[in-house]
Amino acid sequence: MSSAAAYGSICFGQRGFPKGGAKSSKARKLHVRDTAASAPQSLSFAKIKAQMPEKTVRIGVLGASGYTGSEIVRLLANHPYFGITLMTADRKAGQSIGSVFPHLATQHLPDMIAVNDADDFSNVDAVFCCLPHGTTQEIIKALPKGLKIVDLSADFRLRDINEYEKWYGQPHRAAELQKEAVYGLTEIYRSEIQDARLVANPGCYPTSIQLPLAPLIKANLIEIKNIIIDAKSGVSGAGRGAKEANLYTEIAEGIHSYGVTGHRHVPEIEQGLSEAANSGVIVSFTPHLMPMSRGMQSTIYVELAPGVSVEDLHQHLGIFYENEEFVVLLKEKEVPHTRHVRGSNYCIMNVFPDRIPGRAKIISVIDNLVKGASGQALQNLNLMMGIPENTGLGYMPLFP
Ligand SMILES: NC(=O)C1=CN([C@@H]2O[C@H](COP(=O)(O)OP(=O)(O)OC[C@H]3O[C@@H](n4cnc5c(N)ncnc54)[C@H](OP(=O)(O)O)[C@@H]3O)[C@@H](O)[C@H]2O)C=CC1
Ligand SMILES: CC(=O)N[C@@H](CCC(=O)OP(=O)(O)O)C(=O)O
């Protein structure tokens, strides 16, 4: 079934989508930044709105029946320019989004089709690829070259394909594409992302860890040795597929560590931190599974560089993220909680003194499905399409 047929009676073309499909997206790109690395938008939103009619950009969501795919659907429900024209599923192919996710039943969208049947992308300008790692390289390789793609899987995150093979236990199947992939940690790689065609959206743990550490390492404020990361994730981080280890009885009323001696996010974290340090960084990383559906906390223990104080770390992060909408540094002594970012694209962080002299603790929290996945993916596609980076991401955290 073609995406046009699947889309049925709702047609963005009626609202003035320019001819030429994906190819035209570059021409339509609205350059909203004065400088590549500057922080979010000071542009005239009215001007952009006038140039870009509602729901102009046609979006494909590959893996819409999963947790990150459905989170994209939820976020796009309030996006003024991005409208979904194609959705895929595997086991759930042929079903409507409302039958698979009743909380999205109000969304009038095409039924989900199998990825193999999605051969007509003439009605698609950009794709969110929300599929399991290991499946994505060949699928993305087969997509039309004009499409903008944000891949939420790990398949294009590691620049060294040998590292990918080592940690993911299979050969990289799109080495050429890997060269053009841009790592999508928005606040750090913004200038590269806005010109990218293929963005590798970061993992949830690496997002919560690199956002506080990368600026501190780059400014030589902390030592690059002895970085210890204790991280905790909600169960939705493992996806919606039924697994015995994720049954209520296996998760509730307790926590446990996993990947203790080597989790596949280690090379991704070390890649980003090594780039910030301009030298090899090795971290001690232990993830834990928590009895909650969403949320992630990373508690990071670091050694201060000689002559540096905890106040210096706080001040530097404050300046670095001063103009960033989605990264919030709390006032001294205030403790970040996962429940204060739930459902939102925020990363909340703070720095604390350690009782051991010369050391500090950093706490960073995100919603793994939003800033850790679909929210950041949307932030990136907004950038790639040249529209305000925060478009469709105005959700305040859901509390209590
Ligand atoms: N969950 C999270 O917090 C985060 C996840 N990610 C990454 O995002 C990606 C998606 O994760 P998530 O949404 O949690 O996963 P889910 O397991 O919830 O969803 C996976 C989706 O992919 C489809 N699918 C599964 N296997 C195949 C296949 N062989 N071919 C085509 N489609 C397939 C599924 O279809 P169906 O349901 O019909 O079987 C479903 O739509 C993964 O790579 C994950 O690692 C990244 C950051 C955070
Ligand atoms: C709780 C849980 O299982 N979390 C996942 C990480 C989720 C994520 O970010 O996965 P990707 O790197 O594939 O995108 C894990 O530990 O493998």
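Atom set for the values below is all heavy atoms of this structure, side chains included, hydrogens, waters and symmetry mates excluded. Order of appearance sets the numbers: ligands from 1, and atoms from 1 within every ligand. Remember, predicted model here, so these are calculated numbers, not experimental data.
Side-chain atoms of Arg157 come within 3.5 Å of backbone atoms of Asn201 as a donor-acceptor pair (strictly under, hydrogens ignored). Using a distance-only test at 3.5 Å, with no hydrogens or angles considered, no donor-acceptor pair links the side chain of Arg359 to the main chain of Arg355. A side-chain donor-acceptor contact under 3.5 Å links Ser364 to the backbone of Ser208. Proximity of a side-chain donor or acceptor of Asn382 to a complementary backbone N or O of Thr391 within less than 3.5 Å is detected.
Comparing Glu71, Arg294, Arg240, Arg264 against atom 17 (O) of ligand 1, the shortest heavy-atom distance belongs to Arg240. Between Gly63, Cys130, Ser65, it is Cys130 that holds the heavy atom closest to atom 20 (C) of ligand 1. When Pro132, Gly241, Cys204 are ranked by how near their heavy atoms come to atom 22 (O) of ligand 1, first place goes to Pro132.
A cation-pi arrangement is present between Arg74 and Tyr395, with the terminal nitrogen or guanidinium carbon under 6.0 Å from the aromatic centre and inside a 45° cone about the axis.
Between Gly237 and ligand 2, an N or O atom pair is found at a separation short of 3.5 Å. At under 3.5 Å, a nitrogen or oxygen of Cys204, whether backbone or side chain, sits near a nitrogen or oxygen of ligand 2. Below 3.5 Å of separation, one finds an N or O of His263 facing an N or O of ligand 2. In terms of polar-atom proximity, Glu268 is not counted as a contact of ligand 2, lacking any N or O under 3.5 Å from an N or O of the ligand. Taking any N or O of Ser153, backbone or side chain, none lies under 3.5 Å from an N or O belonging to ligand 2. Residue-to-ligand polar distances place Lys92 within reach of ligand 1: an N/O pair is separated by less than 3.5 Å. Considering backbone and side-chain N/O atoms, Leu131 comes within less than 3.5 Å of an N/O atom of ligand 1. For His133, no nitrogen or oxygen atom sits less than 3.5 Å from a nitrogen or oxygen atom of ligand 2, counting backbone and side chain alike. For ligand 1, one of its N or O atoms has an N or O atom of Asp90 under 3.5 Å away. Between Ala154 and ligand 1, not a single N/O pair is under 3.5 Å apart.
Short contacts between ligand 2 and His265, defined as distances under 4.0 Å to a heavy atom of the residue, involve ligand atoms 6 (C), 8 (C), 9 (O), 10 (O), 11 (P), 12 (O). Using a 4.0 Å cut-off to heavy atoms of Gly372, the atoms of ligand 1 that qualify are 47 (C), 48 (C). For ligand 1, the atoms sitting less than 4.0 Å from at least one non-hydrogen atom of Leu369 are 1 (N), 2 (C), 3 (O), numbered in the order shown with element in parentheses. Residue Ala373 has at least one heavy-atom neighbour below 4.0 Å for each of these atoms of ligand 1: 47 (C), 48 (C). For ligand 2 and Gly203, the ligand atoms under 4.0 Å from any heavy atom of the residue are 9 (O). Short contacts between ligand 1 and Ser153, defined as distances under 4.0 Å to a heavy atom of the residue, involve ligand atoms 43 (O). Set against the non-hydrogen atoms of Leu289, the atoms of ligand 2 under 4.0 Å away are 1 (C). Each of the atoms 1 (C), 2 (C), 3 (O), 4 (N), 15 (C), 16 (O) of ligand 2 lies under 4.0 Å from some heavy atom of Tyr258. Of all the atoms in ligand 1, the ones that sit under 4.0 Å from a non-hydrogen atom of His133 are 43 (O).
Hydrophobic clustering, with ILVMFWY side chains joined whenever heavy atoms are under 4.5 angstrom apart, keeps Tyr67 apart from Met290.
Remark: the Thr207 side chain and the Gln376 side chain contain an N/O donor-acceptor pair separated by less than 3.5 Å.
Counting only heavy atoms of the protein, atom 3 (O) of ligand 1 lies nearest to Asn368 ND2, 2.9 Å. Here the protein heavy atom with the shortest distance to atom 14 (O) of ligand 1 is Gly239 CA, 3.2 Å. The protein heavy atom nearest to atom 39 (O) of ligand 1 is Arg91 NE, 2.7 Å. Protein heavy atom closest to atom 6 (N) of ligand 1, with residue, atom name and distance, is Leu152 O, 3.9 Å. Looking only at heavy atoms of the protein, atom 14 (O) of ligand 2 is closest to Arg157 NH2, 2.5 Å. Of the protein's non-hydrogen atoms, the one nearest atom 31 (C) of ligand 1 is Val115 CG2, 3.9 Å. The protein non-hydrogen atom at the shortest distance from atom 19 (O) of ligand 1 is Gly66 CA, 3.1 Å. From the protein, the heavy atom lying nearest to atom 12 (P) of ligand 1 is Thr68 OG1, 3.8 Å. Looking only at heavy atoms of the protein, atom 13 (O) of ligand 2 is closest to Arg264 NH2, 2.8 Å.
When heavy-atom distances to ligand 1 are checked against a 4.0 Å cut-off, Ser236 comes that close only through its backbone atoms N, CA, C and O. Contacts with ligand 1 closer than 4.0 Å are made by side-chain heavy atoms of Thr135 only, the backbone lying farther away.
At least one heavy atom of Ser233 lies less than 4.0 angstrom from ligand 2. Ligand 2 lies within reach of Leu152, whose nearest heavy atom is under 4.0 Å from it.
Aromatic ring centroids of His265 and Phe285 lie 6.0 Å or more apart.
With salt bridges taken as basic N to acidic carboxylate O contacts below 4.0 Å, none links Lys141 and Glu138.
Ring pair Phe101/His103 is perpendicular by interplanar angle, where above 60° counts as perpendicular and below 30° as parallel. Relative ring orientation between Tyr205 and Tyr258 is described as tilted, the plane-to-plane angle lying within the 30° to 60° band.
In terms of heavy-atom proximity, Glu71 sits nearest to Ser374 at CB-OG, 3.4 Å. Residues Thr85 and Asn123 come closest through the heavy atom pair OG1-O, 2.8 Å. Closest heavy-atom contact between Phe156 and Ala200: O-CB, 3.3 Å. Contact record, Gly343 with Asp367: N-OD2, 2.6 Å, taken as the closest heavy-atom pair.
For atom 48 (C) of ligand 1, the nearest protein heavy atom is under 4.0 Å away.
Annotation: Ile282, atom CD1; neighbour count of heavy atoms from other residues, nucleotides and ligands within 6.0 Å does not exceed 12. Residue-environment remark: NZ (Lys145) exceeds the threshold of 12 foreign heavy atoms within 6.0 Å.
Rounding to the nearest 0.5 Å places OG of Ser279 at 3.5 Å from CD1 of Ile224.
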Practice prompt. Please report the C-alpha distance between Phe352 and Val335 in whole Å, then the side-chain angles of each, then the deciding distance to 0.1 Å, and finally whether the side-chain contact (heavy atoms from CB on, under 4.5 Å) criterion is met.
Written response: CA-CA 9 Å; Phe352 302 86; Val335 181; 4.1 Å; yes
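Contact of the His316 side chain with the Leu313 side chain is not registered, since no non-hydrogen atoms from C-beta on lie closer than 4.5 Å.
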